[in-house]
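Worksheet: one structure, shown below.
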Amino acid sequence: FDQVLTAISRGQASTGALVGRDLRPLWLERGWTLSVMGRYDEGVDALEAGLILDERKDDEVAGQLLLQTARAETLLGVHDEALGHALAAERIFTDRDDPRGLASTLRIIGDAHCEAGRPDEAAQALRRGLALAERVGSAEEIGACLINLGLAEMERGELAEAVACDRRAIEEFERIGHGTGRAISYANLAEKLALRGDNEEALEQCAKALELSRAIGNSVTVADALRTASRIRLEQGEFADAAAQAEEAAKLFGEMGITRWEAESLELAADALEQNGEGERADTLRAEARSLA
């Protein structure tokens, strides 16, 4: 498998045993693997290479290529492109009467809407996705839709509903032992608990998220939990800890190419440093954050 991917990356996919073979599943696997590793830019490049090879444009592989491209683009903050790819995937899965694929796609559509500042549209898509996931009985997809619905409800100002979504997502993922889902759910719940002032429980959820996400190498959740913990520590007046956690989060977000969250974390670190009497260092971080805009 590694040799095939090496041949593809070197432009040798048209030779030898690969002649006449459908290489899209390999590009899909490569793109998904890179995305899981937090290398989202490279993941998008691989997935788009698979789309270029796509002749049918209407089968399951095409739908998955579009879906995974949209997922990575959403994390990178390229919302319009993400939504376009997700809507194309939705058409494929609808035509194929594939409720599981459609549920996954509606989850990404909801995420794209939410990230673009359209939480009402996000919640509508995510409720449809959740209903489909429940119909097919996929605990993984139920939990994933609940995670994104929780974010949409938070943006809509429905904090109680958002917390309820995360707690239910945790139950689903705990039941099946899904490491990534558990880590993300704990991190998201921590953010919402912090927003309503439940700081001690929020820090407990951050600790759970960090332990799980570090164990499985999920860098984006590590960074997310660190950012939430930093906000809490800043509010509690623990400025040195807040700055250290925010800077670590910024470093991780930067390594993954998620510059909008890198900049946000740098600003958070700068606020903590300024409160800690380190104005010069704070100014340096703010300038770095501005350069990422």
Side-chain angles (χ1 to χ4, degrees), residues 67 70-87 89-90 102-135 138-173 180-199 201-203 205-206 209 220-221 223-225 227-232 234-235 249 253 258 260-261 263-265 267-268:
L67 175 59
R71 176 184 175 275
E73 288 172 333
T74 298
L75 284 163
L76 289 169
V78 192
H79 307 129
D80 290 340
E81 289 86 342
L83 187 58
H85 284 126
L87 290 172
E90 181 187 16
L102 188 55
S104 298
T105 303
L106 287 166
R107 168 167 53 88
I108 300 304
I109 288 173
D111 198 19
H113 276 308
C114 194
E115 289 290 337
R118 299 184 290 267
D120 290 338
E121 291 91 333
Q124 183 178 15
L126 288 161
R127 290 189 191 106
R128 287 177 57 208
L130 179 59
L132 281 168
E134 290 171 334
R135 193 178 94 193
S138 170
E140 181 178 2
E141 198 57 57
I142 289 170
C145 285
L146 284 166
I147 283 175
N148 286 8
L149 182 56
L151 292 170
E153 295 291 10
M154 180 180 71
E155 293 299 323
R156 296 178 68 239
E158 301 291 343
L159 203 52
E161 288 295 327
V163 168
C165 285
D166 285 342
R167 292 199 190 279
R168 186 182 165 199
I170 288 170
E171 290 178 4
E172 293 290 337
F173 288 127
T180 300
R182 291 162 66 206
I184 294 171
S185 298
Y186 287 135
N188 285 12
L189 177 59
E191 180 181 18
K192 297 172 185 68
L193 291 170
L195 283 173
R196 72 180 193 185
D198 296 337
N199 286 339
E201 186 184 356
L203 287 172
Q205 301 298 334
C206 280
V220 70
T221 308
D224 190 36
R227 183 177 51 171
T228 298
S230 174
R231 291 193 187 109
I232 297 170
L234 179 60
E235 183 179 328
F253 284 134
I258 309 177
R260 60 202 170 102
W261 291 348
E264 181 182 313
S265 299
E267 290 281 4
L268 180 60

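Please read all numbers here as calculations on a predicted model, not as lab measurements.
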Q: Please report the closest heavy-atom contact between A89 and L67, naming both atoms and the distance.
A: CB-N, 4.1 Å

Q) So does R231 pair up with E264, basic N to acidic O under 4.0 Å? A) yes

Q) Out of curiosity, I232 CD1 to L195 CG, how far, rounded to the nearest 0.5 Å? A) 9.5 Å

Q. If every non-hydrogen atom of S230 is compared with every non-hydrogen atom of L268, which pair is closest and at what distance?
A. OG-CD2, 3.4 Å

**Q.** Side-chain touch D224/N188, heavy atoms, less than 4.5 angstrom
**A.** yes

Q | Over all atoms of both residues, closest heavy-atom pair of C206 and A225 | A | SG-O, 3.6 Å

Q: Return the minimal non-hydrogen interatomic distance between A112 and T74, and the atom names on each side.
A: CB-OG1, 4.0 Å

Q. Which pair of heavy atoms, one from A249 and one from R227, lies closest together, and at what distance?
A. CB-N, 4.1 Å

(Q) Could you walk me through whether T228 and Q205 satisfy the side-chain contact (heavy atoms from CB on, under 4.5 Å) test, starting with their C-alpha distance in whole Å, then the side-chain angles of each, then the deciding distance to 0.1 Å, before giving a yes or no? (A) CA-CA 10 Å; T228 298; Q205 301 298 334; over 6 Å; no

Q.
Please evaluate residues M154 and L159 with respect to the criterion side-chain contact (heavy atoms from CB on, under 4.5 Å), reporting the C-alpha separation (whole Å), side-chain torsions for both, the decisive distance (0.1 Å), and the verdict.
A. CA-CA 5 Å; M154 180 180 71; L159 203 52; 4.2 Å; yes

Q. Below 4.0 angstrom, N of the basic side chain to O of the carboxylate: do R156 and E153 qualify?
A. yes

Q: Kindly compute the distance separating CD (E115) from CD1 (I108), expressed to the nearest 0.5 Å.
A: 11.0 Å

Q | K192 and L151, any side-chain heavy atoms less than 4.5 Å apart | A | yes

Q. Under a 4.0 Å N-O cut-off, is there an ion pair linking E134 with R168?
A. yes

Q. What heavy-atom pair brings L146 and L130 nearest, and what distance separates the two atoms?
A. CD2-CD2, 3.9 Å

**Q.** Contacts of type side-chain contact (heavy atoms from CB on, under 4.5 Å), residue A152, not counting sequence neighbours
**A.** C114, A122, A123, L126

**Q.** Contacts of E141 that satisfy salt bridge (charged side-chain N to carboxylate O under 4.0 Å, His left out) - sequence neighbours left out
**A.** R107

Q) Say you draw a straight line from CD of E73 to CG of D80; how long is it, rounded to the nearest 0.5 Å? A) 10.5 Å

Q. Does L76 reach the side chain of E81, with side-chain heavy atoms less than 4.5 Å apart?
A. no

Q. When rounded to the nearest 0.5 angstrom, what is the spacing between CZ in R128 and SG in C145?
A. 11.0 Å

Q.
Is there a side-chain contact between H113 and Q124 in this structure, where contact means two heavy atoms from C-beta onward sitting under 4.5 Å apart?
A. no

Q: With rounding to the nearest 0.5 Å, note down the distance linking CD1 in I109 to CD in E90.
A: 4.0 Å

Q | Spatial distance of atom OG (S265) from atom CZ (F253) [nearest 0.5 Å] | A | 5.0 Å

Q: Return yes when atom CZ of R118 has more than 12 non-hydrogen atoms of other residues, nucleotides or ligands closer than 6.0 Å, and no otherwise.
A: yes

Q.
L189 and side-chain contact (heavy atoms from CB on, under 4.5 Å): which single residue from D166, I184, I147 fits?
A. D166

